[in-house]
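Just below is one structure, and these are the notes that go with it.
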Amino acid sequence: QVQLVESGGGLVQAGGSLRLSCAASGRTFGGYAMDWFRQAPGKEREFVAAITRDGGVTYYADSVKGRFTFSRDNAKNTVYLQMHSLQPEDTAVYYCAAKWGSGWDSGANAMDYWGKGTLVTVSS
């Protein structure tokens, strides 16, 4: 069992930056690939970024590529999503998710565990 707790959301002006964190419980964190998803009001949940369990490979949705950076610290059981050049369309609840095993996956249905989310609001 893995519990995920996101933090770092808040209100920011367009063009600003935020760093989200997701802390995981359990001793097997290093065995999980991690993802970030987001869900804007009235929209479906969408993939944002993924990172392999060793942090060696990251993958981003086109909408955030070049602006967001996904990293992890397995010693701290934590992943981070550094977000720059935020725009109003980035407004959403951001969720971290864990998938056991190697590689990475952008499918929400493939995730084993989810956090409860943190709200990011970008004002214009």
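Just so it is clear, the structure is predicted and the values come from calculations on it, not from any experiment.
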From [atom1] ([X]) to [atom2] ([Y]), nearest 0.5 Å:
{"X": "F68", "Y": "T58", "atom1": "CZ", "atom2": "OG1", "answer": "13.5 Å"}
{"X": "I51", "Y": "M34", "atom1": "CD1", "atom2": "CE", "answer": "9.5 Å"}
{"X": "K99", "Y": "D35", "atom1": "NZ", "atom2": "CG", "answer": "9.0 Å"}
{"X": "L119", "Y": "Q39", "atom1": "CG", "atom2": "CD", "answer": "12.0 Å"}

Taking the side chain as every heavy atom from C-beta outward, state whether M83 and D90 have any pair of such atoms under 4.5 Å apart.
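Side chain of M83 against side chain of D90, heavy atoms only: no contact under 4.5 Å found.
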How about E89 and V122: do any of their side-chain heavy atoms sit closer than 4.5 Å?
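E89 vs V122: side chains apart.
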Any idea which heavy atoms bring [X] and [Y] closest together, and the distance?
{"X": "T78", "Y": "S21", "value": "CG2-CB, 4.3 Å"}
{"X": "N77", "Y": "S25", "value": "ND2-C, 4.3 Å"}
{"X": "G103", "Y": "A33", "value": "O-CB, 3.4 Å"}
{"X": "A61", "Y": "F47", "value": "CB-O, 3.5 Å"}
{"X": "S85", "Y": "S17", "value": "N-OG, 4.4 Å"}
{"X": "Q87", "Y": "A14", "value": "OE1-CB, 4.4 Å"}

Exceeds 12 heavy-atom contacts within 6.0 angstrom, atom [atom1] of [X]:
{"X": "Q3", "atom1": "CD", "answer": "no"}
{"X": "Y113", "atom1": "OH", "answer": "yes"}
{"X": "K43", "atom1": "NZ", "answer": "no"}

Is R38 salt-bridged to E46, cutoff N-O under 4.0 Å?
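Salt bridge: yes.
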N74: side chain to side chain contact (heavy atoms under 4.5 Å, CB included) partners, not counting sequence neighbours
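Per chain and number, N74 pairs via side chain to side chain contact (heavy atoms under 4.5 Å, CB included) with F29, R72.
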Are [X] and [Y] in one and the same hydrophobic cluster, where Ile, Leu, Val, Met, Phe, Trp and Tyr link if side-chain heavy atoms are under 4.5 Å apart?
{"X": "F37", "Y": "L86", "answer": "no"}
{"X": "V2", "Y": "W36", "answer": "yes"}
{"X": "Y59", "Y": "L81", "answer": "no"}
{"X": "V120", "Y": "V64", "answer": "yes"}

Using a 3.5 Å distance criterion without hydrogens, assess whether the side chain of E6 forms a donor-acceptor pair with backbone atoms of C96.
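A pair under 3.5 Å: yes.
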Do side-chain atoms of T118 reach the backbone of G9 as a donor and acceptor pair under 3.5 angstrom?
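Looks like yes, one N/O pair under 3.5 Å.
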Taking the six-membered ring of W104 as reference, does the NZ or CZ atom of R53 fall below 6.0 Å from its centre and within a 45° cone about the axis?
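Because its charged atom misses either the 6.0 Å distance or the 45° angle limit, R53 does not stack over W104.
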With ring-ring contact (aromatic ring centres under 6.0 Å, His included) as the rule and sequence neighbours excluded, what pairs involving residues 76-102 come up?
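Counting only pairs at least two positions apart or across chains, the ring-ring contact (aromatic ring centres under 6.0 Å, His included) contacts touching residues 76-102 are Y32-W100.
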Show your reasoning for whether side chain to side chain contact (heavy atoms under 4.5 Å, CB included) applies to L4 and W114.
CA-CA 6 Å; L4 304 173; W114 290 87; 5.6 Å; no
Report the C-alpha separation of V12 and T121 in whole Å, then their side-chain angles, then the decisive distance to 0.1 Å, and conclude whether the side chain to side chain contact (heavy atoms under 4.5 Å, CB included) test is met.
CA-CA 6 Å; V12 64; T121 303; over 6 Å; no
Derivation and outcome, side chain to side chain contact (heavy atoms under 4.5 Å, CB included), residues V5 and K116
CA-CA 7 Å; V5 179; K116 293 183 178 181; over 6 Å; no
